[in-house]
Amino acid sequence: MTLDGLKRDGKLKVAINLGNAALARQDEMTGDLSGVTVALARRLCDEIGAEPDFILFEGAGKVVAAAPSDAWDIAFLAIDKERAEAIAYSDPYVLIEATAVVRQDSQLSHVDELDRPQTRLLVARNSAYDLYLTANARHLDLVRAETPKASFDRFRSEPGSADAVAGVRQSLETAFATDPGFRFLDGAISAIEQAMALPIAKSALASALSDFVQRAKQDGFVRQALDESGQTSLTVAP
């Protein structure tokens, strides 16, 4: 089975999650999109003879929520079994870390200290790290915002909202790295496998999508796209 069946009237609807700055960004002045997910989408469109129709989302949870409505044909999401009823995945193309930021005067120093009674952590609703912590944290109180940006903004503007805010390391760096009022905790909450994704109704194409991802890794395309977007620290998935 080939991926040609994904295109509709010569177009491919591509969901782009702007909530993960490590993988996709939009220039505020020009509106141009960049990042490894955009590069992979364009390569796929070139292969199947389709024009990309980029549909922008503020967070992964919103991408998943839109899957049953036929809003997109392919997406880029963290692999998570909690989403398996709605999403089919390719093999992973990159590995990224989720970590946390605290205020400078916090007593916390490592992510392992987060899972304690009365510790509140801001997360983006239905993000990969939200799902991971929901399944694995025993004492931590999760405070949810609708998108990664909303969680960052709330943590910055509402000192009493939470003790820390979680996120993809690169997105947190963009939001907080230059602000002396905040600092990163040591360690990582989780290592997240990122994959291309299909609505479950098109799961029969998952194997062909994995073949596409494997070729893009093996010929160096994924590594090059990461480097060109400044994400030299990210690891191409084995």
### Task
Apply side chain to side chain contact (heavy atoms under 4.5 Å, CB included) to Lys11 and Lys7, showing your working.
CA-CA 5 Å; Lys11 294 185 177 182; Lys7 60 185 178 183; over 6 Å; no
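- Screening Thr37, Val36, Leu44 for a side-chain contact (heavy atoms from CB on, under 4.5 Å) involving Leu40 leaves a single residue, Val36.
- Judged by distance alone, the side chains of Asp141 and Gln118 never bring a donor and an acceptor atom under 3.5 Å apart.
- Electrostatic pairing of Arg116 and Asp163 does not count as a salt bridge here, judged by no charged N lying under 4.0 Å from a carboxylate O.
- Between Phe152 and Phe176, the angle of the ring planes goes over 60°, which puts this pair in the perpendicular group of the 30/60° scheme.
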### Task
Give the C-alpha distance, both sets of side-chain angles, the deciding distance and a yes or no for side chain to side chain contact (heavy atoms under 4.5 Å, CB included) between Leu18 and Thr147.
CA-CA 10 Å; Leu18 294 177; Thr147 66; over 6 Å; no
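- Taking CG from Leu234 and CZ from Arg169, the interatomic distance works out to 10.5 Å, rounded to the nearest 0.5 Å.
- Here the side chains of Leu108 and Leu185 are in contact, with some heavy-atom distance below 4.5 Å.
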### Task
Kindly determine whether Leu23 and Ile16 satisfy side chain to side chain contact (heavy atoms under 4.5 Å, CB included), including the steps that lead there.
CA-CA 9 Å; Leu23 304 181; Ile16 297 293; over 6 Å; no
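- Checking Thr134 against Asp130 by side-chain atom types alone, a donor-acceptor pair falls below 3.5 Å.
- Salt bridge Asp53/Lys13: absent, no basic N to carboxylate O contact under 4.0 Å.
- Within the cation-pi definition used here (under 6.0 Å to the ring centroid, within 45° of the axis), Arg215 does not qualify as a partner of Phe221.
- Counting all heavy atoms, side chain and backbone alike, Val102 lies closest to Phe155 at CA-CZ, 4.0 Å.
- Counting only heavy atoms from C-beta outward, the side chains of Phe76 and Asn17 never approach each other to under 4.5 Å.
- A donor-acceptor contact under 3.5 angstrom links the side chains of Glu113 and Ser109, judged on distance only.
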